[in-house]
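Take a look at the following structure, please.
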Amino acid sequence: CTSVVAQDEKGKLLHGRNLDFGLFLGWDVKNKSWAISEKLKPLVVNLNFKRNNQTVFKSTNFAGYVGMLTGIKPHIFTLTMNERFSLDGGYIGILEWILGQRDGMWMSFLTRSVLENANSYDEAKSLLAQTKMLAPAYFILGGNQTGQGCIITRSRELSIDVLEIDVKLGRWYVLETNYDHWKEPFFLDDRRTPAMKCLNQTTQANISVKTLYDVLSTKPVLNKLTTYTTLMQVSEGTLESYIRDCPNPCMPW
Amino acid sequence: QFVPPYTEDCRTDMYPPNGPTFKGPVKWYTIDLDLPPSKRWTAVISDKKNDLVDMIQAIRDLADAFVPSGRLIELVDIALPLMVDTLPNPFREEIKGIAAVSGVPLGEVVLFNIFYEVFTV
């Protein structure tokens, strides 16, 4: 996955993401594609969660999956999550759960609870940073004020790091793939460098929904695992999603 | 990380989405949070039932490839329904509602919803 929160020169925040999933879950030799990724694409839906006929939040989901991976609380915050690999992983959390230790939250139920119940960027940020989980994760959160964009790097128990947008330091965007931002990504899976190259080439003056989509459409940021691309604008309260394909030749991940 | 043609120069003018990398738009549905949790997903799952069954079948085939005896799926179908009642609401009831509407075994809907934690294995 690749998630970006960017702030344009007017202080407006944009949030984009590619949802890549299905690695090693069966390769279709004939079609040169991942079996599960292709089966997930028809399940992609946009959901408008309403209460008293008012929109509470909107999301892009795989039908049948009740948790959240991509969502917007219109005019308040935007949220995506990317997978984080760690030896202290979800299987340990599941074992604890089965043995009766149930003080942690399943990752996608936490994101769903935050989108449904949090009413500010700061409230969402503290819930995502402090709630004990069953598995590690990256939460990428965008707010509705200038400077409100961050990557929360989570272990099961702790918030390991929070990287914020800081325009004074020249950091007008935060970008997360699936590696801790203070470490080099795995050299065979470096989607960070090409994404940063394209964002820097775009420049803050030209970042927009349109150019953010261009970045998320550039191989290998776009790859055989990419099921959908979502673009969110918190100030407009809009979420738009597109099902993707990566024509050959294309990186398998 | 520059190995053309698997990587490329930064793309431009890809928006509005078009061409071979755009496989189609995404349909909107409303989830009414005033409904009982077990009823909230009925419209979505009624529409996407065949695709969901298809995807679950692909995961079954994968499991059977790892454990040809079929025991892995049996384990999922026996053990995970026991687990669903340990999940917090409203997720527990929503998952049960999805299994009821789609006809997919409850254990397999549970597996789909906790796949993130399982997949870290």
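The basis for the numbers below is simple: all heavy atoms, side chains too, and nothing from hydrogens, waters or symmetry mates. Within every chain, numbering begins at 1; the chains are lettered A, B, ... in the order of the sequence lines, protein sequences first and strands thereafter. Source: prediction; values computed, not measured.
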Any side-chain heavy-atom pair of Leu33(B) and Glu116(A) under 4.5 Å: yes
Checking heavy atoms, do the side chain of Ile59(B), its backbone, both or neither come under 4.5 Å from chain A? both
How far apart are the closest heavy atoms of Ser217(A) and Glu8(B), and which atoms are they? O-OE2, 3.5 Å
Side-chain donor or acceptor of Arg11(B) paired with backbone N/O of Asp214(A) under 3.5 Å: no
Among Ala195(A), Pro185(A), Cys246(A), Gly64(A), who wins on heavy-atom pairs under 4.5 Å with chain B? Gly64(A)
Any idea which of Asn223(A), Leu212(A), Asp245(A) has the most non-hydrogen atom pairs under 4.5 angstrom with chain B? Asp245(A)
Residues passing the ring-ring contact (aromatic ring centres under 6.0 Å, His included) test with Trp97(A), sequence neighbours excluded, are Trp106(A)
Would you check if the side chain of Asn48(A) reaches a backbone N or O of Trp28(B) as a donor-acceptor pair within less than 3.5 Å? no
Nearest non-hydrogen partners of Ala58(B) and Ile36(A), listed with the distance: CB-CD1, 3.7 Å
Ignoring hydrogens and angles, tell me if any N or O in the side chain of Lys48(B) forms a donor-acceptor pair with the backbone of Pro42(A) under 3.5 Å. yes
Measure Pro5(B) against the heavy atoms of chain A and call it side chain, backbone, both or neither at under 4.5 Å. both
Work out which heavy atom in Ile243(A) is nearest to a heavy atom in Pro25(B); give both atom names and the distance. CD1-O, 3.8 Å
Residues of residues 200-210 of chain A with any heavy atom under 4.5 Å of a heavy atom in chain B: Gln201(A), Val209(A), Lys210(A)
Taking Ile98(B), Leu62(B), Asp13(B), Asp34(B) one by one, which has the highest count of heavy-atom pairs under 4.5 Å against chain A? Asp34(B)
Given side chains that start at C-beta, do those of Glu240(A) and Pro16(B) come closer than 4.5 Å, heavy atoms only? no
If you look at every heavy atom in Val44(B) and Ala63(A), which pair is closest and at what distance? CG1-CB, 3.8 Å
Measuring only between side-chain heavy atoms, which start at C-beta, is Cys10(B) closer than 4.5 Å to Val215(A)? no
Pick from Trp41(B), Phe22(B), Tyr6(B) with the largest number of heavy-atom pairs that fall under 4.5 Å of chain A: Tyr6(B)
Look only at the side chain of Asp51(B) and the backbone of Lys39(A), and say whether a donor-acceptor pair between them is shorter than 3.5 Å. no
Rounded distance [0.5 Å steps], CG in Asn61(A) versus OH in Tyr29(B): 12.0 Å
Any side-chain heavy-atom pair of Phe115(B) and Ser108(A) under 4.5 Å: no
Just how far is it from atom CG of Leu40(A) to atom CG of Asp54(B), taken to the nearest 0.5 Å? 11.0 Å
Side chain proximity check, Met81(A) to Tyr116(B), heavy atoms < 4.5 angstrom: yes
Using a 4.5 angstrom heavy-atom cutoff, name the option from Ala99(B), Pro20(B), Ala65(B) with the most pairs to chain A. Pro20(B)
pair Tyr15(B)-Tyr242(A): side-chain heavy atoms closer than 4.5 Å: yes
Do the ring centers of Phe21(A) and Phe119(B) come within less than 6.0 Å of each other? yes
With a 4.5 angstrom heavy-atom cut-off, is it the side chain or the backbone of Pro4(B) that approaches chain A, or both, or neither? neither
What option among Leu87(B), Asp47(B), Asp9(B) has the most heavy-atom pairs under 4.5 Å with chain A? Leu87(B)
When you compare the side chain of Glu117(B) with that of Arg156(A), does any pair of heavy atoms fall below 4.5 Å? no
Identify the two heavy atoms, one from Val26(B) and one from Asn46(A), that lie closest to each other, and give their separation to 0.1 Å. CG1-N, 3.3 Å
Under 4.5 Å from any heavy atom of chain A - which part of Lys27(B): backbone
